[in-house]
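In what follows, chains are A, B, ... by sequence order, proteins preceding strands, each numbered from 1. Because only heavy atoms are used, hydrogens play no part in the values below, and waters and symmetry mates are left out as well, while side chains stay in.
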There are 2 protein chains.
Amino acid sequence: MNPLTLEALQVLDAIDRKGSFASAANSLNRVPSALSYTIHKLEQGLGVSLFQKQGRRSVLTTAGRHLMQQGRELLTASDTLVDSTKQVATGWEPRLRIALDTIIPAEMILPLINRLYEIQPNIEIDLTEEVLGGTWEALDYDRVDLAIGAIGNAPGHKGIRCFDWLTVKSAFVATPGHPVCRHPQPLSDRIVMQYRSVIIRDSSRHEAPLSRGILNKENFIHVENMEQKIQAHRLGLGIGFVPHFRVEQYLQKGELLNLSVENPYTEEPLQIGWKMSNRGQARNWLVERLKLIKVDD
Amino acid sequence: MNPLTLEALQVLDAIDRKGSFASAANSLNRVPSALSYTIHKLEQGLGVSLFQKQGRRSVLTTAGRHLMQQGRELLTASDTLVDSTKQVATGWEPRLRIALDTIIPAEMILPLINRLYEIQPNIEIDLTEEVLGGTWEALDYDRVDLAIGAIGNAPGHKGIRCFDWLTVKSAFVATPGHPVCRHPQPLSDRIVMQYRSVIIRDSSRHEAPLSRGILNKENFIHVENMEQKIQAHRLGLGIGFVPHFRVEQYLQKGELLNLSVENPYTEEPLQIGWKMSNRGQARNWLVERLKLIKVDD
DNA sequence: CATAATTAATCAAAAATATTGAACATATTC
DNA sequence: GAATATGTTCAATATTTTTGATTAATTATG
């Protein structure tokens with residue numbers, strides 16, 4: 001049986017901060033003998049003496065100092081736990097883990113999160129970037145509470161709720177100097193297949209990766225996320241589809257060209273999804289604001 | 001005032017593990033109403049309800065589950081603290097942080113640490129590699145409790161105790177094919193200076209770095225530690241001094257040559273040092289065994 | 001240097017708190 | 001529908017904690 005109590009740690013802490021049993025007792029609205037009692041009980045329980053007499057005062061032993069110092073961490077952890085429990089009780093979860101599909105740039109939802117912080121300053125936000133299947137998987141395996149911008153269908157079986165969110169136009173891009181530009185448009189699959197394309201690696205860890213837009217090509221470069229893919233296109237490393245709204249600036253400046261192709265992307269809406277078992281207010285609040293976001297494109 | 005007690009967390013934990021108030025009470029050698037009482041008091045203190053009736057049993061609310069799960073971490077932390085306090089009381093510190101100068105390979109002291117684990121299985125060892133001034137500095141700034149293999153003088157002022165430990169012979173090495181080998185030996189400084197040398201970066205963070213064996217050369221490569229320096233020499237990237245005992249194998253196999261130079265290293269003994277304020281048994285034990293180590297070289 | 005003031009420990013009495021067990025209400029199980 | 005199991009309530013009881021007076025030792029003060 002653990003002889004330690006948080007109350008005893010508070011006493012230990014107060015004695016150290018105030019410098020004496022007397023003033024510690026005063027600050028705790030108790031009487032010195034009450035603290036003596038608490039400390040003796042703890043010493044007896046541990047079988048370790050925490051104070052030793054030095055003149056008319058008691059000073060901490062090495063063990064006492066160790067217990068006091070480490071105990072403070074326990075005390076703050078305990079305070080934090082009380083806070084977060086109260087927060088949970090109000091329906092606001094103390095932590096919200098979000099998977100952001102790489103199609104969506106963080107800048108798009110960070111302002112929302114800032115507004116969330118204004119309402120719940122202590123909430124802990126954990127943002128993860130995921131790719132394709134990885135976005136649903138993160139939700140499915142309870143790595144996150146909310147998935148933003150997932151593509152395709154939610155993993156059916158489990159209690160997942162989702163809805164269609166944005167529909168993002170795709171652009172097939174290449175640099176102006178790229179040899180693919182010399183072909184007549186719209187480009188056929190046969191032509192497209194001749195050039196290196198840029199592919200984002202699926203971030204699924206368990207399920208089979210979703211493949212998107214991979215036309216059985218031998219010629220491709222794998223990258224980690226959408227930002228890398230866009231930069232790869234911009235620097236002429238390959239050709240391929242990207243969300244139109246994310247390359248608008250480059251199209252306007254002429255750094256990239258939007259080529260027409262025979263088989264354009266079938267436009268599927270991005271999804272927002274969460275576990276039905278999660279009834280957190282923060283998740284709910286975010287979902288409601290996300291519904292208002294539009295892409296003018 | 002924090003309404004949380006470790007005892008209440010234990011009750012919460014037992015109820016969850018046993019599945020009911022009744023069997024939890026049984027496992028705690030108490031009566032169900034006693035647990036009811038504890039839980040109610042906690043609920044009242046928090047202003048949060050932790051259980052809700054579901055049929056004839058009580059089940060955790062979301063807040064209750066949160067408190068229970070996080071509380072378990074608090075409980076194990078508390079157990080650990082009790083253990084380490086008892087350990088401190090015996091004079092054995094629960095953690096020993098060691099700075100190992102890069103001259104000394106870890107293999108040289110790991111067997112000792114293994115023997116320490118046999119005596120104190122729960123001791124936490126924190127081993128850091130340091131270079132030149134960094135080794136003393138780590139001690140000086142209380143980043144470590146014990147410094148092994150430091151070179152030069154201890155930072156005077158503070159209450160640091162140290163003694164001369166090993167004296168390590170230096171060898172000036174180069175690969176057999178290195179052009180420096182074509183010069184007649186002993187090599188003069190003027191000759192040595194013509195070739196690239198390998199220098200270990202001082203790991204000091206605050207004090208001015210000690211420079212050792214830097215002959216105002218323009219031509220050098222900086223590396224992080226002795227192992228990297230030795231490998232750099234072995235692969236012919238540069239020439240320089242290394243501890244003889246660390247390259248013996250390469251000298252024997254003929255991968256490196258020990259060249260004689262006009263100005264050999266002045267041999268200073270490596271030091272072992274610690275703060276006098278640290279009276280830990282583990283530190284003392286290690287220092288005593290370290291005294292017995294010899295380099296047969 | 002003597003006196004006053006502090007400090008912590010001790011102890012019996014008082015107060016506060018926790019535990020018990022019986023009684024009860026409600027739901028499952030057989 | 002009887003038997004069983006669950007958690008709560010409540011008054012009585014047991015235990016623990018707090019108190020305040022007393023003591024002993026040390027330090028500050030005039």
Side-chain angles (χ1 to χ4, degrees), chain A residues 1-65 67-68 71 75 78, chain B residues 1-65 67-68 71 75 78:
Chain A
M1 195 47 192
N2 193 324
L4 200 56
T5 66
L6 294 176
E7 194 245 339
L9 289 178
Q10 270 153 4
V11 169
L12 217 46
D13 167 66
I15 293 173
D16 182 71
R17 275 188 298 109
K18 295 291 177 174
S20 75
F21 278 54
S23 61
N26 187 51
S27 81
L28 295 170
N29 297 313
R30 265 185 271 181
V31 121
S33 58
L35 305 200
S36 258
Y37 172 81
T38 305
I39 297 296
H40 277 139
K41 193 160 58 92
L42 180 54
E43 286 183 321
Q44 211 153 11
L46 289 168
V48 166
S49 68
L50 303 172
F51 286 90
Q52 61 197 113
K53 289 237 78 158
Q54 199 173 92
R56 72 182 173 192
R57 43 203 327 124
S58 282
V59 297
L60 285 165
T61 60
T62 317
R65 161 148 293 103
L67 181 59
M68 185 272 295
L75 287 174
S78 147
Chain B
M1 195 47 195
N2 192 325
L4 200 56
T5 66
L6 294 177
E7 194 246 337
L9 289 178
Q10 270 153 4
V11 168
L12 217 45
D13 168 65
I15 293 173
D16 182 70
R17 275 189 299 106
K18 295 292 177 176
S20 74
F21 278 52
S23 59
N26 187 51
S27 82
L28 295 170
N29 298 314
R30 264 184 273 180
V31 120
S33 57
L35 306 199
S36 258
Y37 173 80
T38 306
I39 297 295
H40 277 139
K41 192 160 59 91
L42 179 54
E43 286 184 322
Q44 211 151 11
L46 289 167
V48 166
S49 67
L50 303 172
F51 287 90
Q52 62 197 112
K53 291 237 75 160
Q54 198 172 94
R56 72 183 175 194
R57 42 202 329 125
S58 281
V59 297
L60 286 165
T61 60
T62 317
R65 161 147 295 104
L67 180 59
M68 186 272 295
L75 288 174
S78 148

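Between atom NZ of residue A:K18 and atom CG of residue A:L28 there is a gap of 9.0 Å, rounded to the nearest 0.5 Å. Distance CG/A:N26 to CZ/A:F21: 15.0 Å, rounded to 0.5 Å. Summarising the geometry, atom OG1 belonging to A:T61 is positioned 9.0 Å from atom CG belonging to A:L67; distances are rounded to the nearest 0.5 Å.
Judged purely by atom type and a 3.5 angstrom limit, B:S23 has no side-chain atom pairing as donor or acceptor with the backbone of B:G19. Although no hydrogens or angles enter the test, the distance criterion places no donor-acceptor pair under 3.5 Å between the side chain of A:R17 and the main chain of A:L12.
The separation between B:L50 atom CG and D:dG7 atom C1' is 15 Å, rounded to whole Å.
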Under 3.5 Å, side-chain donor or acceptor atoms of residues 39-52 of chain A against the rest of the protein: list the pairs with distances, not counting sequence neighbours.
unit_1, atom_1, unit_2, atom_2, d
A:H40, ND1, A:S36, O, 3.2
A:E43, OE2, A:L50, N, 2.6
A:E43, OE2, A:F51, N, 3.2

Show every donor-acceptor pair shorter than 3.5 Å between a side-chain atom in residues 2-10 of chain A and any protein atom, with sequence neighbours excluded, or say none if there are none.
unit_1, atom_1, unit_2, atom_2, d
A:N2, OD1, A:L4, N, 2.8
A:N2, ND2, B:S78, OG, 2.6
A:N2, ND2, B:D79, OD1, 2.6
A:T5, OG1, A:A8, N, 3.0
A:E7, OE2, A:R30, NH1, 2.6
A:E7, OE2, A:R30, NH2, 3.3

>> So if I define the base as every atom that isn't primed, P, OP1 or OP2, how would nucleotides 17-30 of chain D read as a B/S/- string at a heavy-atom cutoff under 4.0 Å?
In response: BBBB-----BB---
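Nucleotides of DNA chain C with any atom under 4.0 Å from a heavy atom of chain A span, from 5' to 3', C:dA5 to C:dC11.
With axes fitted over five pairs at each extremity, the angle between the ends of the helix from C:dC1-D:dG30 to C:dC30-D:dG1 is 30° (10° resolution).
Legend: residues meeting side-chain contact (heavy atoms from CB on, under 4.5 Å) with A:K53, ordered by chain and number and at least two apart, are A:S58.
Residues A:R65 and A:D16 have side chains in contact (heavy-atom distance under 4.5 Å, counting atoms from C-beta outward).
Distances shorter than 4.0 Å separate none of the side-chain N or O atoms of B:H40 from OP1 or OP2 on D:dG7.
Contact detail for B:S27 and B:A14: the closest heavy-atom pair is OG-CB, 4.4 Å.
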